[in-house]
Amino acid sequence: MMNAVTPFSTPIRLLSVAAEMFPFVKTGGLGDVVGSLPHALAPYGVEVTTLLPGYPAVMAALFTRAQVMHHPDLLGHEATLWSAHVAGLDLLVLDVPALFDRPGNPYLAPEGQDWPDNGLRFAVLSRMAADIAQGRTPHPRPDLVQAHDWQAGLTAAYLHHDQQAAERGGQPVATRVPVVQTIHNLAFQGRFPAQCLAEFGLPPEAFSVEGCECYGAISFLKAGLYHADRITTVSPSYAQEIQTPEGGMGLDGLLRHRGDRLEGILNGISTETWNPASDPAVHFPYMVGDTVGRAPNKRDLQAEFGLWADPDAFVVGVVSRLTAQKGIDLLADVTPRLLAGNTQLIVVGEGDREIERRLASLQRQFPGRFACHLGYSESLGHRLPSAVDALLIPSRFEPCGLTQLGALRYGAVPVAARVGGLADTIVNANPAAIAQGAATGFLFTPVDGETLLATVARARQFYRRNRHMWRQLQLTGAAYDVSWNDKAAHYVRLFAEMLGMDTGGRADSNVISLPSGRHGLREGRRRRIARRPPRLSRALVAPIKYARPPAGPCSRHIPTAQ
């Protein structure tokens, strides 16, 4: 456990609201972060309770649970709120069988299509979060709320409109619990037809540019970004990228407007989970930084995937969702040329059906040199970086990325697009960085097929001609701190500011030195609520194209503009 200095005289209670959480349910990095951040915050005196939907996998994990309350009509559905402590994590689980007791992943039916009532499913989650934050349940009221991605985006909106309604009705109004809205991927905004407003339990005035309205539709994430007290995203570079028309996905105007309340905090990973010496997915364990001990894993992986048993082959791995965002369509285009120079390629992941079809065809076309596992595999997500020489990450945009962090720790040299968190966590192997012993991988831009090929060729040449320097890349990468240590401290400073404490200004990096004791901090637990932003003009939000609300049920999802 890390040694941490905390500005809090007593522990603070944080309610984390999310659609997924490892080890219970996970589709990507969101689940990993939501599952590991509570452990990282605990030494700083932050007690995290996570509110999750009651999916079958989550309910099955609740071996011991206590009923917090029964709600006969939560947005039209009967619900039960359970509390549990599982795998060292404090949970609140919202059990609404009509909405969550289903096969498939949290968002998609087994056939691969969005559940048609996803809007209502996650409105219910946010509605319960707002009730907990206002002390409307028997569970202790939190000091802060962290709403993760669009699925929790209505939390801050419900709190705002509940407060407005109480003020209009002359009822006592308690101090509103501050909310931080965290963006894990701006591409997913939770857009639904305007006629869903009443179904979601929102008042008519919520549907405005100063609320959840986004180009004629309801956007859960837009509502969270507008009403939250602070906004975070998962890397400093991505925080800048989303304020541009190119990276803002139609919300860049709002994000620039709230730029003084927006900051990027890098993700970390659990160094206990990601430890090649004890990771059960690693067939031949080795210590972090042991470049020789990795060799048996390379031979084993080649045999597992039916690749030629050649220790001199340059083995490249890809662990990713198979989507255009991740650049896997480019990979499918260039694979025949990428396999030059005794290169082998292994791809693990699931996603776009057409990309999967093309990868399967390549496996038939290049036996012994190309292999793929089409499907999610947590174990292969760990085994590949323990065995491959390089891990390829050709993302067109990447909010943070966790794949490269595991690669660095396990000795697989990352070859990645220079975007978002990839640019923040990988030091490009240019001559200056190599001379200083700082290089950890290879970055490329622009993100296109030819640049990808050229960068892989450069890495391959480096591997072939200068094995000593390649090992130095591995050793420097293994020494990089991929843990939550400094990142958790950054969150603590943010939480202290939100609670009205003066911590000496906002952090400009992920290295935070918190004051010892309470020197420099205002006494007490006074909460400071960010001022409500002034009214926006529509000119602040650049127009984008979006699908028109279809005729039919309100719950039908409108695809996010790309």
Hey, could you give me the [atom1]/[atom2] distance between [X] and [Y], rounded to the nearest 0.5 Å?
X	Y	atom1	atom2	answer
L91	M21	CG	CE	5.5 Å
Q472	L475	CD	CG	5.5 Å
L473	F462	CG	CZ	5.0 Å
R418	F444	CZ	CZ	10.5 Å
R353	L322	CZ	CG	10.0 Å
N428	L422	CG	CG	12.0 Å

Measure the acute angle between the ring planes of [X] and [Y], then classify it against the limits of 30° and 60° as parallel, tilted or perpendicular.
X	Y	value
H148	H184	tilted
W274	H382	parallel
W470	F314	perpendicular

Check: Can you name the nearest heavy-atom pair linking T335 to L331, along with the distance?
Finding: OG1-O, 2.7 Å

Item checked: Nearest atoms (heavy-atom pairs only) where V427 meets A433 ->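 Nearest pair, atom of V427 first, then A433: CG1-CB, 3.9 Å.
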
Note to self: Less than 3.5 Å apart, any donor N or O on the side chain of Y286 or N297 sitting next to an acceptor on the other?
What the structure shows: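 No pair is found: no donor N or O on one side chain lies under 3.5 Å from an acceptor on the other.
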
Next item on the list: Verify the distance criterion only: is there a donor paired with an acceptor across the side chains of T425 and Q404 at less than 3.5 Å?
Entry: yes

Taking NZ, NE, NH1 and NH2 as the nitrogens, is one of them in [X] or [Y] under 4.0 Å from a carboxylate oxygen of the other?
X	Y	value
D290	R294	no
R396	D329	yes
R358	D333	yes

Item checked: Working for side-chain contact (heavy atoms from CB on, under 4.5 Å), residues I328 and S320 -> CA-CA 8 Å; I328 308 302; S320 176; 4.0 Å; yes

Margin query: Could you go through Y480 and I426, starting from their C-alpha distance and side-chain angles, then the distance that decides it, and tell me whether this counts as side-chain contact (heavy atoms from CB on, under 4.5 Å)?
Written below: CA-CA 9 Å; Y480 175 76; I426 299 168; over 6 Å; no

Next item on the list: Identify the residue among R258, E263, H257 that makes a side chain to side chain contact (heavy atoms under 4.5 Å, CB included) with R261.
Entry: R258

Checklist line | Validation row, ring centre W115 to ring centre F122 under 6.0 Å | finding: no

Note to self: Given the ring of Y463, does R467 sit roughly above its face, with NZ or CZ under 6.0 Å from the centre of the six-membered ring and within 45° of the axis?
What the structure shows: yes

